[in-house]
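Predicted model only: the values in this text are computed from it and were never measured. All heavy atoms count here, side chains included; hydrogens, waters and symmetry mates do not.
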Amino acid sequence: MTVGTVWGRGGAVFVPCGMTTASFPASFPGVERVPDAGQLAVDARVREVLDRAPMLHSAVDTGRGLHVTPTAFSWSGGALWVVTTRQSVKVRALRRRPRVGLLLRAPGYDLVLAGEAELVDPVRLHGMASPERVLDMPFAALRYLERNYKHVAGVLRDATLGPGLVLDRLAIRVRPNRAVLLASDPRAGANEVLTAWGDWASELPVDPASPPATAKPLDLNLLPAAIRPLVRRPGAACLAWPSGHGPLALPAHWRGNGKPSDADGTLLALVGGWAGGPAGLSMDSGGYRLASKRGVLIRGTATAHRQGERAQIALTAQRLTTWEGERSSTVPA
């Protein structure tokens with residue numbers, strides 16, 4: 001099995017990813033191509049993911065690197081809706097760079113989406129200028145509450161109550177212009193690309209440099225005690241990866257600290273993600289209660305390294321961001 005690395009203080013964490021080589025056909029045989037991403041929700045498999053995915057991961061470009069975290073979501077009017085705070089990293093990034101990558105995971109499937117985000121602020125009337133937005137909002141709000149009432153109740157139970165709890169929030173609306181549906185086997189950490197929507201201007205990879213020869217795991221002492229099990233044990237992860245279409249949120253499987261983690265090679269080639277650059281890897285857990293939500297985001301720069309028909313992703317860790325309920329912190333790696 002091919003492995004990649006996340007370099008930290010004097011060492012690295014394995015974060016590899018499979019990838020097709022320059023011999024992979026440009027036509028991607030076996031992958032169904034649909035030119036119009038507007039037809040996305042016509043597919044019954046996509047509707048199943050939209051209905052059953054518990055959370056959504058969104059990747060944004062902060063200007064200092066890629067940031068990816070999970071959040072509750074809903075689908076309404078042909079768009080995905082997310083509610084967050086005005087001063088969140090996500091909102092500050094999208095004000096300057098609206099391109100966003102999304103990942104939804106449901107039993108049996110992963111759905112990768114790309115598009116441009118629109119900030120909708122009913123309090124300050126931002127993003128409400130068109131009649132379409134005015135008509136969208138009541139239906140979108142009802143659908144969001146219907147889908148996420150347990151998350152909303154969990155936040156109300158654990159968060160600091162006050163007028164700011166409502167007034168400090170706005171909505172993010174994303175109408176996807178590109179998408180990829182993958183079959184997923186979470187136990188094996190394996191994926192298979194099934195269908196692609198929109199214009200993925202894929203480029204065949206070039207010969208990269210040879211991979212690093214040595215690697216060390218992350219220093220767990222840099223993480224709060226409650227976060228360390230996420231790094232120690234295998235599980236699902238989200239890889240924030242750069243592309244010509246903006247930041248992408250790609251499915252990955254973390255094999256444990258110091259052990260290889262995999263992402264699908266055909267997917268990486270399809271979306272033109274060979275070059276590398278700013279990247280991140282996120283792992284999280286939790287239920288509906290705000291106090292139960294915790295996670296870690298490893299951020300840095302990455303390069304992809306070919307090894308036969310696989311590839312290594314060498315992610316140089318620069319910062320570690322952790323969150324537990326309402327609390328979050330970032331430390332140098």
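Hydrophobic clustering (ILVMFWY, side-chain heavy atoms < 4.5 Å, transitive): V91 and V89 are in distinct clusters. Criterion: ILVMFWY side-chain heavy atoms under 4.5 Å apart, direct or through other members. Under it, V82 and W323 are not part of a common hydrophobic cluster. In terms of hydrophobic clustering, with Ile, Leu, Val, Met, Phe, Trp and Tyr side chains grouped at heavy-atom distances under 4.5 Å, L119 and V60 are assigned to a common cluster. One hydrophobic cluster, built from ILVMFWY side chains closer than 4.5 Å, holds both V31 and L248. Taken together through direct or relayed side-chain contacts under 4.5 Å among Ile, Leu, Val, Met, Phe, Trp and Tyr, L50 and Y149 form parts of separate hydrophobic clusters.
Judged by distance alone, the side chain of W200 and the main-chain N or O of G272 form no donor-acceptor pair under 3.5 Å. At distances below 3.5 Å, at least one donor-acceptor pair connects side-chain atoms of R47 with backbone N or O atoms of V42. Judged by distance alone, with hydrogens and angles left aside, the side-chain atoms of R289 form no donor-acceptor pair with the main-chain N or O of G154 at under 3.5 Å. Put simply, the side chain of N177 never gets that close to the backbone of A37: no donor and acceptor are under 3.5 Å apart. Checking side-chain atoms of K293 against main-chain N and O of G287 turns up a donor-acceptor pair under 3.5 Å.
Closest heavy-atom contact between L66 and P278: CD1-O, 3.2 Å. The shortest non-hydrogen separation linking L230 to M283 is O-SD, 3.7 Å. Across all non-hydrogen atoms, the minimal contact from P176 to L80 is CG-CD1, 4.3 Å. Taking all atoms of both residues into account, the shortest heavy-atom contact from A279 to A302 is CB-CB, 3.7 Å. A pairwise comparison of heavy atoms in I227 and V296 identifies CG2-CB, 3.7 Å as the closest pair. When all heavy atoms of T69 and K90 are compared, the closest pair comes out as OG1-NZ, 3.2 Å.
The structure places OG1 of T322 at 10.5 Å from CG of L222, a figure rounded to the nearest 0.5 Å. Distance check: E118 CD to R173 CZ gives 5.5 Å after rounding to the nearest 0.5 Å. Note that the CG atom of L250 and the OG atom of S243 stand 8.0 Å from one another [nearest 0.5 Å]. Between the CD atom of E146 and the OG atom of S76 there is a distance of 10.0 Å, given to the nearest 0.5 Å. To the nearest 0.5 angstrom, C238 atom SG is 9.0 Å from L56 atom CG. Distance check, rounded to the nearest 0.5 Å: CD of E32 to CG of L194 gives 9.0 Å.
A heavy-atom distance below 4.5 Å is not found between the side chains of L290 and R157. Residues W197 and L181 have side chains in contact (heavy-atom distance under 4.5 Å, counting atoms from C-beta outward). Counting heavy atoms from C-beta on, the side chains of L220 and N257 come closer than 4.5 Å.
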Please list, one pair per line, the donor and acceptor atoms closer than 3.5 Å that link side chains of residues 102-109 to other protein atoms, with sequence neighbours excluded.
residue : atom : partner : partner atom : Å
R105    : NE   : D110    : OD1          : 3.3
R105    : NH1  : A237    : O            : 2.8
R105    : NH1  : A252    : O            : 3.4

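Listed by chain and number, the residues in a side chain to side chain donor-acceptor pair (under 3.5 Å) with S292 amount to none (sequence neighbours excluded).
Salt bridge R45/E48: absent, no basic N to carboxylate O contact under 4.0 Å.
Each of Y144, F73, Y288 was compared with H151 under the ring pair (Phe, Tyr, Trp, His ring centres under 6.0 Å) criterion, and only Y288 meets it.
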Start with the C-alpha gap between Q87 and R92, add the side-chain angles, then the distance that decides, and say whether side-chain contact (heavy atoms from CB on, under 4.5 Å) holds.
-> CA-CA 6 Å; Q87 296 304 316; R92 295 199 305 270; 4.2 Å; yes

Report the C-alpha separation of L297 and V68 in whole Å, then their side-chain angles, then the decisive distance to 0.1 Å, and conclude whether the side-chain contact (heavy atoms from CB on, under 4.5 Å) test is met.
-> CA-CA 7 Å; L297 170 61; V68 58; 3.7 Å; yes

Which is it for H57 and D284 under the side-chain contact (heavy atoms from CB on, under 4.5 Å) test, yes or no, and what are the steps along the way?
-> CA-CA 10 Å; H57 283 79; D284 56 85; 2.7 Å; yes

Output, in order, the C-alpha distance, side-chain angles, deciding distance and verdict of side-chain contact (heavy atoms from CB on, under 4.5 Å) for L320 and I298.
-> CA-CA 5 Å; L320 301 175; I298 307 167; 3.8 Å; yes

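Sorted pairs that involve residues 227-251 and meet salt bridge (charged side-chain N to carboxylate O under 4.0 Å, His left out), not counting sequence neighbours, are lacking altogether.
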